[in-house]
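One structure is given here, and the rest of the page talks about it.
This one's a predicted model, so the numbers in the text were calculated from it and none came from an experiment. The sequence lines fix the lettering, A, B, ..., with proteins before strands; numbering per chain opens at 1. Just so it is clear, the values below take in all heavy atoms, side chains as well, and ignore hydrogens, waters and symmetry mates.
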Amino acid sequence: MTVRTRFAPSPTGFLHIGGARTALFSWAYAKKHQGKFVLRVEDTDVERSTPEAVQAIMDGMAWLGLSHDEGPFHQMQRMGIYQKHLETLLASGHAYYCYSSKEELGALRAQQVEAGMKPKYDGKWRPEVGKVLPEVPADIKPVIRFNNPKEGAVAWDDLVKGRIEIANTEMDDVIIARGEGTPTYNFCVVVDDWEMGITHVIRGDDHVNNTPRQINMLNALGATVPHYAHLSMILGSDGQKLSKRHGAVSVMQYHEDGYLPEAILNYLGRLGWSHGDDEVFDIKQFCEWFDLDHITPSAAQFNTEKLNWLNAHYIKNADLDALAPDITKRMAALGVAVRAEPPIKTVLELYRERANNLNQLAADIAYFYIVPETNAKDAEKHLTDEIKPVMAVMAETLKNTTWTAEAIHEVIAATVKENVLKFPKIAMPLRVMLAGIAQSPSIDQVMAILGKETVLNRMAHYLK
RNA sequence: GUCCCCAUCGUCUAGAGGCCUAGGACACCUGGUUUUCAUCCAGGCGACAGGGGUUCGACUCCCCUUGGGGACACCA
């Protein structure tokens, strides 16, 4: 049997980090088994669904490279299909019309909560043998409820959590179609997972409680019950539910914040899933290794430090041809125009070893293209009046120096020797004059890349 | 409140009854490399929530407690 998985977001916002991991796992499981990955947009909540959100989710998936094999299917365009199955259920007695008003239901719930009970439909309109139903009110458009079995229990072997069993008495007669006729989530999921031939439903564990009623509906429809794998949630770094106050929750926000999709994918893949001691693996390796057996059933806290570490790794190993335009864009956002000289790829080669964030990297190399601001503290500490004359002499020497890192190094070494100084005494003021700060890679290399003219100009600015 | 799920270093995790003196990674600390910072390298700190069972033997199995989380909509 071909494995078929799906990702079924509701378009009410961006693709968040938890959704991205669910998508990743579903996608990877399909890839691993040469199956199909279906994208389905659950947009039956007309009030909250927006086309912008659909686009935002598609953008997030595209950025991560989680391409679907089928879809996207939109539930609002599949009304005819749901209608057909709704009628089947009505005809077989597995569903019935309920004329209780929203107000009536609300009052009932309030009463039950007050009494410390689990809020539940009272079954007023549920047809039962020998029961006389109330008179149908003329002014109410009825909803359709699923006639959930009253006895026994539903059990399934969850591929992540193991066997789960829930008594039917715990389950309500869930509303499967609204008063105005549109079917609701729980019914559409059931029909779609069946019609689309989904073999493995991989989703967040906030759906565990929906699973038994969905299985009941599947059974009522005479459908095949898929395998279920419920993924635990991703918590914020403080152990609380992930929300805006934890910073980036939208996947695309991570893009803006300077992360590589490779890093996000690796991080998310390792969050709640493991392959022995392996920590760093690319997406191809992940697809080969991925399985449902090694998913942790417990919730995981998001840890930005580890993400940063992975981001650094992928920046170091990134293809320079791909990195260069990305960084160029980020520099443009900082108001820095990258020129042909010095070549940005050369600069990146020198700098990416020390970066764990693309925005930071862009900011760090800005001084190759613009005159940097001087860090006053660094200048005060390193660019002293005692050293300035020495630097001035060296600047003269540099004018006639062949412009290679080696030759520049010799000049610095000679200056150090002549003045009986330590190397940093010369290197640090150079950094301040050229980069604006006291930290940079090997100063001779920086100078070589910066170019003779720029170096002499910047030195002259401080030494006049 | 009711039901469901979860529980190993600060964090992510390895662990399928003896391979456990509990392993790896991030973070942190120390040292080394470096021309500063970063990188890199070496070392260190650091956990089986508690209590009962079962067993010759329990991090692993069972029960209870505690603690976390989730679900209880004409949302998905």
Side-chain angles (χ1 to χ4, degrees), chain A residues 8-12 42-45 47-49 75 98 100-102 105-106 109 112-120 141-145 158 160-162 164-167 169-172 174-186 188-189 204-212 230 232-233 235 237 239-241 267 270-280 293-294 296-310 312 316 351-356 364 378 382 409 412-413 416 422-428 430-432 437-444:
Chain A
S10 56
T12 55
E42 312 221 316
D43 54 358
T44 55
D45 184 352
E47 301 279 304
R48 299 198 302 153
S49 300
Q75 291 187 322
C98 166
S100 296
S101 67
K102 284 184 192 180
L105 261 13
R109 190 174 309 115
Q112 288 166 328
V113 171
E114 179 100 1
M117 287 157 55
K118 182 171 181 164
K120 231 181 147 195
K141 284 185 181 166
V143 299
I144 299 174
R145 285 182 185 272
D158 195 275
V160 171
K161 295 180 184 287
I164 299 178
E165 189 171 320
I166 297 177
T169 50
E170 287 303 318
M171 282 173 255
D172 225 341
V174 65
I175 292 171
I176 56 178
R178 300 179 178 86
E180 91 280 7
T182 55
T184 60
Y185 165 76
N186 268 297
C188 297
V189 170
D205 77 356
D206 46 335
H207 288 291
V208 165
N209 293 272
N210 287 324
T211 305
H230 287 98
S232 287
M233 346 190 21
L235 272 21
S237 47
Q240 298 299 113
K241 193 171 180 172
Y267 180 73
R270 186 64 182 66
L271 192 62
W273 174 84
S274 60
H275 184 267
D277 287 341
D278 295 305
E279 296 286 348
V280 180
D293 300 335
H294 292 84
T296 325
S298 54
Q301 286 187 33
F302 194 88
N303 183 248
T304 308
E305 270 84 39
K306 192 158 182 178
L307 207 214
N308 288 342
W309 171 71
L310 282 167
K316 273 175 212 155
Y351 257 86
R352 62 162 163 181
E353 284 286 314
R354 48 211 297 124
N356 67 5
D364 286 350
D378 285 346
H382 301 290
H409 186 267
I412 298 174
V416 164
K422 299 268 190 207
F423 205 108
K425 280 283 175 209
I426 300 297
M428 297 309 259
L430 276 172
R431 289 195 169 95
V432 173
I437 55 170
Q439 288 82 42
S440 85
S442 186
I443 193 63
D444 43 22

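Comparing A/Asp205 and A/Gln301 by the nucleotide of RNA chain B whose heavy atom lies nearest to each, the residue mapping closer to the 5' end is A/Gln301. Take the nearest nucleotide of RNA chain B for A/Trp309 and for A/Trp273: the residue whose nucleotide is more 5' is A/Trp273.
Counting any heavy atom pair closer than 4.0 Å across all strands shown, A/Thr304 reaches no nucleic acid atom. Residue-level contact check: A/Lys141 touches neither bases nor backbone, having no heavy atom under 4.0 Å from any strand. Residue A/Ala427 is classed as a base contact, given a heavy-atom separation below 4.0 Å to a base. At a threshold of 4.0 angstrom between heavy atoms, the contacts of A/His409 include nucleobase atoms, whether or not backbone atoms are also involved. Across all strands, A/Ser440 comes closer than 4.0 Å to base atoms (heavy-atom distances). At the heavy-atom level, A/Gly272 lies under 4.0 Å from the strands shown only through sugar-phosphate atoms.
A/His230 has its NE2 atom 12 Å from the P atom of B/rA71, to the nearest Å. Taking atom CG of A/Asp206 as the reference point, atom P of B/rC6 lies 15 Å away to the nearest angstrom. A straight line from CZ of A/Phe302 to P of B/rC26 spans 17 Å, rounded to a whole angstrom. Between the CD atom of A/Glu279 and the P atom of B/rU11 there is a distance of 16 Å, given to the nearest Å. When the C1' atom of B/rU11 is taken as reference, atom CG of A/Asn308 falls 13 Å away, rounded to whole Å. The interatomic distance linking A/Leu307 (CG) with B/rU11 (P) rounds to 18 Å, in whole Å. Atom C1' of nucleotide B/rC4 and atom CD1 of A/Ile166 are separated by 5 Å, given to the nearest angstrom. Between A/Met233 atom CE and B/rC6 atom C1' there is a gap of 13 Å when expressed in whole angstrom units.
Look at A/Arg109 and you won't find any side-chain N or O under 4.0 angstrom from OP1 or OP2 of B/rU2.
When atom types are taken as modelled, the side chain of A/Arg352 and the backbone of A/Lys316 share a donor-acceptor pair closer than 3.5 angstrom. The backbone N or O of A/Val174 lies less than 3.5 Å from no partner atom in the side chain of A/Asp172, so there is not a single donor-acceptor pair.
A salt bridge links A/Glu279 to A/Arg270: at least one charged side-chain nitrogen sits closer than 4.0 Å to a carboxylate oxygen.
Under the Watson-Crick or G-U wobble criterion, with both distances below 3.5 Å, B/rC3 is paired with B/rG70. For B/rG18, the paired base is B/rC56 (Watson-Crick or G-U wobble, both distances below 3.5 Å).
A/Arg431 contributes a side-chain N or O that forms a donor-acceptor pair with the base of B/rU35 under 3.5 Å. No hydrogens or angles were tested; on distance alone, a donor-acceptor pair under 3.5 Å links the side chain of A/Asn210 to the base of B/rA76.
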